[in-house]
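Working notes, beginning with the structure itself.
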Amino acid sequence: QVQLVESGGGLAQAGDSLRLSCAASGRTFSHYSMGWFRQAPGKEREFVATISRSGGTNFYADSVKGRFTISRDNAKNTAYLQMNSLKPEDTAVYYCAVCQVFSTLQKDYFYWGQGTQVTVSS
């Protein structure tokens, strides 16, 4: 089993930056691909970004491409989501999750964190 804990969320203004962290414990973090998802109020949870086990490959949702950067430090069992040029529409609860394959599909992820709130004001 893998336990995931997100941190780094908070209140930001449009144009600001935030960095989310996802700390993993339990089984070896480097065995898993890792993804970030988000759920805005009244909307379904959606894919944001994913990174491969080694960190050498990543993929982003079109809505965040060029503004967000996913990374990981396997020595620290931690993944990150650097969010720049934040927009009000980025307001959501952000979740990290892990899976065995490189995927954008929520169904492929089987361990999830509890989420961290990001609120962006205009």
Side-chain angles (χ1 to χ4, degrees):
Q1 186 156 350
V2 177
Q3 293 79 40
L4 302 171
V5 179
E6 303 94 338
S7 62
L11 182 63
Q13 292 188 330
D16 283 353
S17 297
L18 285 175
R19 189 176 81 156
L20 305 183
S21 298
C22 174
S25 60
R27 291 191 174 181
T28 306
F29 181 60
S30 61
H31 289 180
Y32 303 100
S33 293
M34 188 272 165
W36 286 96
F37 296 81
R38 67 186 181 184
Q39 186 167 21
K43 295 186 177 181
E44 294 186 353
R45 189 162 57 188
E46 64 176 5
F47 166 77
V48 174
T50 186
I51 190 166
S52 60
R53 300 174 188 179
S54 68
T57 304
N58 51 49
F59 188 78
Y60 299 92
D62 287 343
S63 59
V64 306
K65 197 175 298 181
R67 299 188 298 121
F68 290 10
T69 302
I70 189 171
S71 61
R72 66 190 297 163
D73 184 339
N74 287 339
K76 295 183 178 179
N77 285 350
T78 302
Y80 306 96
L81 186 68
Q82 177 68 42
M83 306 186 296
N84 298 331
S85 302
L86 284 164
K87 302 177 180 180
E89 50 264 45
D90 294 320
T91 295
V93 177
Y94 284 73
Y95 300 88
C96 63
V98 296
C99 68
Q100 296 280 15
V101 297
F102 186 73
S103 175
T104 65
L105 303 177
Q106 294 185 51
K107 68 177 182 66
D108 291 329
Y109 290 78
F110 45 82
Y111 293 126
W112 293 79
Q114 83 290 348
T116 185
Q117 176 72 47
V118 172
T119 303
V120 184
S121 61
S122 59

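What's counted below: heavy atoms across the whole structure, side chains too, no hydrogens, waters or symmetry copies.
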- prompt: For the residue pair Ser33 and Arg72, what are the closest heavy atoms and their distance?
  reply: CA-NH1, 4.0 Å
- request: Step by step, work out the side chain to side chain contact (heavy atoms under 4.5 Å, CB included) result for Leu105 and Phe47.
  value: CA-CA 7 Å; Leu105 303 177; Phe47 166 77; over 6 Å; no
message: Quick check: is Phe102 connected to Val98 through a chain of hydrophobic side chains (ILVMFWY, heavy atoms under 4.5 Å apart)?
response: no
- request: Is it possible for you to say whether Val2 and Tyr109 belong to one hydrophobic cluster, with membership spreading through side-chain heavy-atom contacts below 4.5 Å?
  value: no
query: Do you know the tightest heavy-atom contact between Gln117 and Val93?
result: OE1-CG2, 3.2 Å
Side-chain heavy atoms of Trp112 within contact of Arg45, under 4.5 Å: yes
- line: Output for pair (Gln106 CD, Cys99 SG), nearest 0.5 Å, gives 11.5 Å
- request: Tell me, yes or no, whether the heavy-atom count around Lys43 atom NZ, taken from other residues, nucleotides or ligands under 6.0 Å, exceeds 12.
  value: no
query: Do Ile70 and Leu4 belong to the same hydrophobic cluster, where Ile, Leu, Val, Met, Phe, Trp and Tyr are linked whenever their side-chain heavy atoms lie under 4.5 Å apart, directly or via other members?
result: yes
task: Evaluate the side-chain proximity of Cys96 to Met34: yes if any heavy-atom separation is below 4.5 Å, no if none is.
output: yes
message: In this structure, would Phe37 and Val120 fall into the same cluster of hydrophobic residues linked by side-chain contacts under 4.5 Å?
response: no
message: Quick check: is Tyr95 connected to Tyr60 through a chain of hydrophobic side chains (ILVMFWY, heavy atoms under 4.5 Å apart)?
response: no
- prompt: Quick check: does any side chain N or O of Glu6 sit under 3.5 Å from a backbone N or O of Gly115, one acting as donor and the other as acceptor?
  reply: yes
message: Could you check whether any side-chain heavy atom of Tyr94 comes within less than 4.5 Å of a side-chain heavy atom of Leu18, counting everything from C-beta outward?
response: no
field: Asp90 and Lys87 ion-paired at < 4.0 Å
entry: no
field: Validation row, ring centre Trp36 to ring centre Phe68 under 6.0 Å
entry: no
- prompt: When you check the side-chain N and O atoms of Ser30 and Asn74, is any donor under 3.5 Å from an acceptor?
  reply: no
field: Residue pair Arg53 / His31, side-chain heavy-atom distance below 4.5 Å
entry: no
task: Write down the atom of Ser121, the atom of Pro88, and the distance for their closest heavy-atom approach.
output: C-CG, 4.4 Å
- prompt: Are any non-hydrogen side-chain atoms of Arg67 and Met83 less than 4.5 angstrom apart?
  reply: no
query: Is it true that a side-chain atom of Thr78 and a backbone atom of Lys76 form a donor plus acceptor pair closer than 3.5 Å?
result: yes
- prompt: Can you say whether the rings of Tyr32 and Phe110 are parallel (under 30°), tilted (30 to 60°) or perpendicular (over 60°)?
  reply: perpendicular
For Arg38, the option from Thr91, Val64, Leu20 that meets side chain to side chain contact (heavy atoms under 4.5 Å, CB included): Val64
